[in-house]
Amino acid sequence: MTDTPMRTQPADWATDQEVRWCPGCGDYSILTAMRMLMPELEVDRENTVFISGIGCAARFPYYMNTYGMHGIHGRAPAIATGLAMARPDLDIWVIGGDGDMMSIGGNHLIHALRRNVNINILLFNNMIYGLTKGQFSPTSEVGKVTKSSPMGSLDAPFNPVSVALGAEASFVARTHDMDRQHMMDMFRRAHAHKGTSIVEVFQNCNVFNDGAWEGITKKQNRNANLISLEHGKPIRFGVDDELGVIIDNGVAKVASVADVGEAAVLVHDEGKTDPSTAFMLSRLARGPFEPTPVGVFRAVERLEYATSSTSQLAMAHNEKGSGDLESLLRSRGTWQV
Amino acid sequence: MTDTAPRELPLQELAEVIIRFAGDSGDGMQLTGDQFTSISAALGNDLATLPEFPAEIRAPQGTLAGVSAFQVRISDFAITTPGDAPTVLVAMNPAALKAQLHNVVQGGALIINSDAFTERNLEKAGYESNPLEDGSLDGYRSYPVAMSQITRDAVAVHGVKPRDAERSKNFFALGLISWMYTRPVEPTIEFISKKFSGRDQVIKANEAAFQAGYNFGETAELFESHYEIKPAPLRSGEYTNVTGNTALAWGCVAAGQLARLPIFLGSYPITPASDILHDLSALKHFGVRTFQAEDEIAAAASAVGAAFGGALAFTTTSGPGVALKGETLGLAVSLELPMVIIDIQRGGPSTGLPTKPEQADLMMAMYGRHSESPMPIVAPRSPADCFDAAIEACRIALRYRTPVMLLSDGYLATSSEPWLLPAVDSLPDIGVEFQKGFNGTNEDGEGIFLPYLRDPETLARPWAIPGTPDLMHRVGGIEKEDETGNISYDPENHQKMVELRAAKIEAIEVPDADIAGDADASFCILGWGSTWGAIDATVARLQEAGHKVAHVHLRNLNPMPKDLGEVLSGFEKIICPEMNNGQLVNLIRAKFLLDVKAVNKMNGVPFTTGEIEAAALAAIEAP
């Protein structure tokens with residue numbers, strides 16, 4: 001960080017609209033993290049766009065003083081893809097919740113990830129439908145009792161990081177709403193990545209699923225249950241840093257470093273082309289009650305979609321010259337009468 | 001045949017001929033028909049074509065389901081339809097004969113590949129006895145020709161394997177028909193070497209087959225004469241032959257140039273609209289970005305995103321796709337962003353008849369989104385008109401900042417007609433300005449941007465695209481406050497916004513109703529879209545028979561021409577032929593309380609002139 005004054009201040013990124021999430025909602029801290037990060041990124045508000053679908057998280061664009069679109073349920077990645085292709089010069093953020101992104105918009109999410117169009121997707125995962133007042137979501141645990149599942153939900157949940165890695169996303173990270181600095185780090189990395197980046201944010205819905213992530217995100221539980229992934233470093237954690245992650249027979253496991261030896265501890269490599277190890281890490285925790293990795297799972301370079309589309313346009317232009325309507329109309333042969 | 005000297009056959013002049021090439025879907029009938037069309041166009045005939053594809057890519061060989069046909073009508077006078085019934089059928093196998101014979105006029109000519117009439121093929125086509133032998137073709141002039149065998153013999157000298165050799169038999173048929181209608185040989189020889197460039201053996205085989213067919217006509221003592229069709233008195237100028245889908249693609253490109261905007265197309269493959277995606281994907285040097293989306297919804301959503309970014313955005317599809325896009329189009333209505341949805345209508349509901357036309361998406365275009373969600377509708381009337389209709393749809397979209405539905409159909413999409421090329425510099429300028437600065441002030445007198453402040457003339461809101469300093473704003477599907485665009489649940493504001501959105505669409509300037517035929521007639525045929533050709537031909541026939549008939553054809557279906565109610569009220573009787581169950585009739589009745597009589601056809605085949613003529617006569621004669 002230099003001493004030159006920043007072009008903008010966090011307040012410049014706020015709109016005059018009253019923020020209307022429930023008091024105590026995790027979304028507030030995510031919004032604060034985003035507004036604090038923006039000046040650091042040295043970008044202009046007019047070149048920044050927030051696009052969302054439907055849900056509590058999807059109100060986000062109204063609170064950022066940038067261009068924004070509050071779209072329809074699940075379609076934000078598709079809307080953003082069109083915008084990113086038409087306007088590769090823009091910084092585009094896509095905001096959505098677990099229902100929006102993993103359920104009704106699941107198809108658009110995986111296709112955006114495989115195409116690698118230059119957008120930053122933030123998936124606020126609170127494991128519940130909030131705006132529709134508390135039904136189980138595609139990330140809710142089996143047996144979740146809600147108004148639509150009084151005897152417990154039957155659906156096996158998605159793990160968003162696993163899904164993203166399965167779709168061969170080039171940048172996959174995870175953070176949580178109790179750690180502003182970590183959120184800002186992850187958002188900064190996502191922004192710097194050229195291609196589709198997805199950041200899962202564990203987010204608390206204090207009305208319909210309060211404390212769902214507490215087992216891992218509450219301060220006193222973090223040392224034991226949050227595994228911070230750092231590129232090039234052995235994956236170690238624990239109250240006394242006594243635990244490490246090892247790969248045993250193709251499966252990531254938690255082990256006592258004293259038992260397995262330091263050399264056996266997996267050294268995190270986010271740049272691995274093959275996503276298998278990252279996927280194993282994503283399978284480490286079955287839910288927010290046991291050691292769960294946060295940080296950057298995967299950051300690899302792949303051709304960015306809009307850039308490739310632009311080069312095809314340039315190639316066609318080089319080969320055929322600038323399109324001429326007169327000759328297009330004559331391209332299938334003509335005759336004189 | 002030992003004597004190969006050309007026989008002097010009488011040359012008979014014809015005003016028109018309607019030929020239908022029919023064969024197995026792998027027989028190359030579309031190619032054959034297309035090439036015959038091109039040669040005839042170059043000779044100056046007027047023409048119209050009607051391809052007919054099976055829904056399956058390669059249905060089992062030799063079956064009725066696998067028959068692919070191409071009808072072309074060529075004439076020495078101006079025509080607007082591919083003709084009611086073929087006068088010549090080229091049938092490459094028993095299935096083609098069986099599937100198409102009922103279309104052929106009594107006494108028409110049947111040119112039949114007799115080699116294909118094996119026991120096995122007859123059985124596959126469902127014939128119990130051989131129609132070439134059992135007298136069932138007695139009412140026709142039947143010309144059985146051993147096309148497969150002669151083609152094999154002709155091609156053998158070029159070292160082509162017999163199995164591959166037979167593939168050239170469509171060129172034999174084309175050669176024979178070219179001789180019959182005195183078409184020149186050279187253009188087809190040129191076409192073959194261009195089309196199969198780099199595959200020398202295929203070129204040689206096809207050329208040999210084509211020549212063999214031509215020579216066969218000349219030398220075989222089978223035909224009593226050959227024919228000539230003189231050029232039609234078309235307006236002078238430069239012509240090309242276009243299908244509706246190609247004209248739409250070119251119209252989109254033209255609209256981009258006329259608006260000075262980059263083009264974005266979000267599309268998901270669907271019959272019969274995919275050709276527009278194909279055509280536009282090959283026009284990247286015009287700055288056209290095409291995006292093959294993961295589904296219909298994403299295709300529309302990506303277009304919304306591109307429109308927000310300042311592109312001239314399109315999504316192309318057919319009825320099932322429009323159904324899927326419904327919610328996204330509602331968003332576009334709410335965002336008041338320009339985009340064009342192109343619906344190539346096909347038979348439904350559900351998958352329906354994917355390769356057959358219908359005009360049954362009119363109500364969906366009008367009302368197929370939840371709540372009050374008005375959308376302008378434009379419908380082209382002929383293949384070439386698709387070009388102008390695309391520009392008209394874009395004009396409305398850009399000027400009024402609204403999604404616009406363009407309703408074409410499977411008939412216009414694949415059929416073709418000669419098109420007198422427009423002078424590019426005569427095309428309208430449809431450019432609009434992006435918003436560049438503030439358009440309001442706050443209570444402190446500072447400049448602010450009001451994204452929903454409307455132009456008093458058009459009621460359009462400003463189009464401020466990302467990247468424009470100071471105009472950062474948020475839009476969304478939630479109801480917006482008038483002018484500010486901020487979220488508003490205020491009851492009175494919602495009422496006002498619904499009324500404003502409706503008023504904006506209703507006030508769109510569209511041309512007045514055009515009365516063709518006899519403006520002072522008491523009887524009128526009302527139509528829209530692809531029925532134009534058949535209605536136009538009907539009117540000519542009725543006039544020849546001494547009737548007075550008016551023809552009003554709607555291109556702008558929403559809003560309708562401002563004078564339409566007055567114009568229609570001037571007629572005593574109105575009929576409305578539509579390829580649906582009376583959708584325009586319902587709109588007209590509801591809007592103008594006029595008793596328009598519905599004439600409906602929903603069998604996947606366009607109206608014939610005869611059908612509309614019969615309905616018109618019945619209406620004229622009715623008390």
Side-chain angles (χ1 to χ4, degrees), chain A residues 15 17 44-52 54 61-62 64-87 89-90 107-108 110-111 309-310 312-313 315-326 328-337, chain B residues 38 41-42 44 231 234-242 246 250 253-254 257 262 264 266 283-287 289 291 293-295 297-298 301-306 308-311 313 327-328 330-331 335 420-422 424 465-478 486-487:
Chain A
T15 60
Q17 298 296 294
D44 293 314
R45 292 172 302 175
E46 64 262 29
N47 294 324
T48 305
V49 185
F50 280 83
I51 293 187
S52 64
I54 294 292
Y62 289 115
M64 293 298 296
N65 188 10
T66 63
Y67 283 86
M69 188 193 294
H70 180 210
I72 42 175
H73 208 14
R75 318 303 169 199
I79 295 170
T81 298
L83 180 60
M85 284 186 73
R87 294 290 304 278
D89 57 311
L90 301 172
N107 196 31
H108 307 305
I110 57 173
H111 287 280
S309 153
T310 304
Q312 285 196 342
L313 259 57
M315 248 157 62
H317 195 270
N318 286 344
E319 273 173 32
K320 301 176 182 171
S322 191
D324 173 52
L325 191 56
E326 296 274 6
L328 174 65
L329 301 186
R330 286 159 180 80
S331 58
R332 309 251 159 131
T334 65
W335 69 94
Q336 288 284 343
V337 170
Chain B
S38 305
L234 297 172
R235 275 173 61 198
S236 64
E238 190 176 13
Y239 282 78
T240 192
N241 188 42
V242 277
T246 295
W250 292 357
V253 170
Q257 297 211 337
F264 177 88
L283 297 174
K284 292 185 168 54
H285 55 302
F286 283 87
R289 272 183 211 263
F291 171 58
E294 59 271 22
D295 61 29
I297 299 171
S302 65
V304 170
F308 186 61
E327 190 200 12
T328 312
L331 175 68
L335 299 181
L420 176 60
L421 290 176
V424 166
I465 63 169
T468 315
D470 302 327
L471 304 191
M472 291 79 71
H473 65 284
R474 278 64 53 194
V475 293
I478 298 191
N486 291 330
I487 290 181

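In what follows, chains are A, B, ... by sequence order, proteins preceding strands, each numbered from 1.
- B:Pro262 does not touch chain A: none of its heavy atoms, backbone or side chain, sits under 4.5 Å away.
- For the set B:Met472, B:Glu327, B:Arg235, the count of heavy-atom pairs under 4.5 angstrom toward chain A peaks at B:Met472.
- Ranked by heavy-atom pairs under 4.5 Å with chain A, the list B:Gly310, B:Ala41, B:Gly266 is led by B:Ala41.
- Contact count versus chain B (heavy atoms, under 4.5 Å) is highest, among A:Thr310, A:Val49, A:Leu328, A:Leu90, for A:Leu328.
- When atom types are taken as modelled, the side chain of B:His285 and the backbone of A:Ala316 share no donor-acceptor pair closer than 3.5 angstrom.
- With chain B as the partner, the residue from A:Arg75, A:His317, A:Met315 showing the most heavy-atom pairs under 4.5 Å is A:Arg75.
- Of all non-hydrogen atoms in B:Lys284 and A:Gln312, the two that sit nearest each other are CE-OE1, 3.1 Å.
- Donor-acceptor pairing under 3.5 Å is recorded for the side chains of A:Ser309 and B:Arg289.
- A distance of 11.5 Å separates OG1 of A:Thr334 from CG of B:Leu420, quoted to the nearest 0.5 Å.
- Taking both residues in full, the closest heavy atoms of B:Ser302 and B:Phe291 are given as OG-CD2, 3.4 Å, listed atom of the first, atom of the second, then distance.
- In plain terms, the two heavy atoms of A:Arg87 and B:Gly309 that are nearest each other are NH1-O, 3.1 Å.
- Interface residue B:Gln257: only side-chain heavy atoms are found under 4.5 Å from chain A.
- Of the two parts of B:Leu234, the backbone and the side chain both hold a non-hydrogen atom closer than 4.5 Å to a non-hydrogen atom of chain A.
- With values rounded to the nearest 0.5 angstrom, B:His473 atom NE2 is found 11.5 Å from B:Asn486 atom CG.
- For A:Thr48, no part lies under 4.5 angstrom from a heavy atom of chain B.
- Residue B:Ala303 does not touch chain A at all, counting heavy-atom pairs closer than 4.5 Å.
- Note: A:Thr66 leads A:Asp89, A:Thr66, A:Asn47, A:Thr81 in heavy-atom pairs under 4.5 Å with chain B.
- For a residue to count as touching a neighbouring chain, one of its non-hydrogen atoms must lie under 4.5 Å from one of that chain's; by this rule B:Thr328 touches chain A with backbone and side chain alike.
- Checked by atom type and distance alone, the side chain of A:Tyr67 pairs as donor or acceptor with a backbone atom of B:Thr468 at under 3.5 Å.
- Looking at A:Glu326, both its backbone and its side chain come within 4.5 Å of chain B, counting heavy atoms on both sides.
- Residue A:Asp324 touches chain B through its backbone alone, counting heavy-atom pairs closer than 4.5 Å.
- A:Asn107 CG to B:Ile297 CD1: the interatomic distance, rounded to the nearest 0.5 Å, is 8.5 Å.
- Closest heavy-atom contact between B:Trp250 and A:Ser331: CZ2-OG, 3.5 Å.
- Using a 4.5 Å cut-off between heavy atoms, B:Leu283 touches chain A through its side chain atoms alone.
- Interface residue A:Arg45: backbone and side-chain heavy atoms are both found under 4.5 Å from chain B.
- Contact annotation for B:Tyr239: both backbone and side-chain heavy atoms come within less than 4.5 Å of a heavy atom of chain A.
- A:Arg330 has its side chain out of reach of A:Arg332: every pair of non-hydrogen atoms, C-beta onward, lies at least 4.5 Å apart.
- By number of non-hydrogen pairs under 4.5 angstrom with chain B, the leading residue of A:Glu319, A:His108, A:Lys320 is A:His108.
- Among the candidates B:Ala311, B:Pro469, B:Gly477, the residue making the largest number of heavy-atom pairs closer than 4.5 Å to chain A is B:Pro469.
- Judged by distance alone, the side chain of A:Thr15 and the main-chain N or O of A:Tyr62 form a donor-acceptor pair under 3.5 Å.
- Contact of B:Leu471 with chain A is made through backbone and side chain together, with heavy-atom distances under 4.5 Å.
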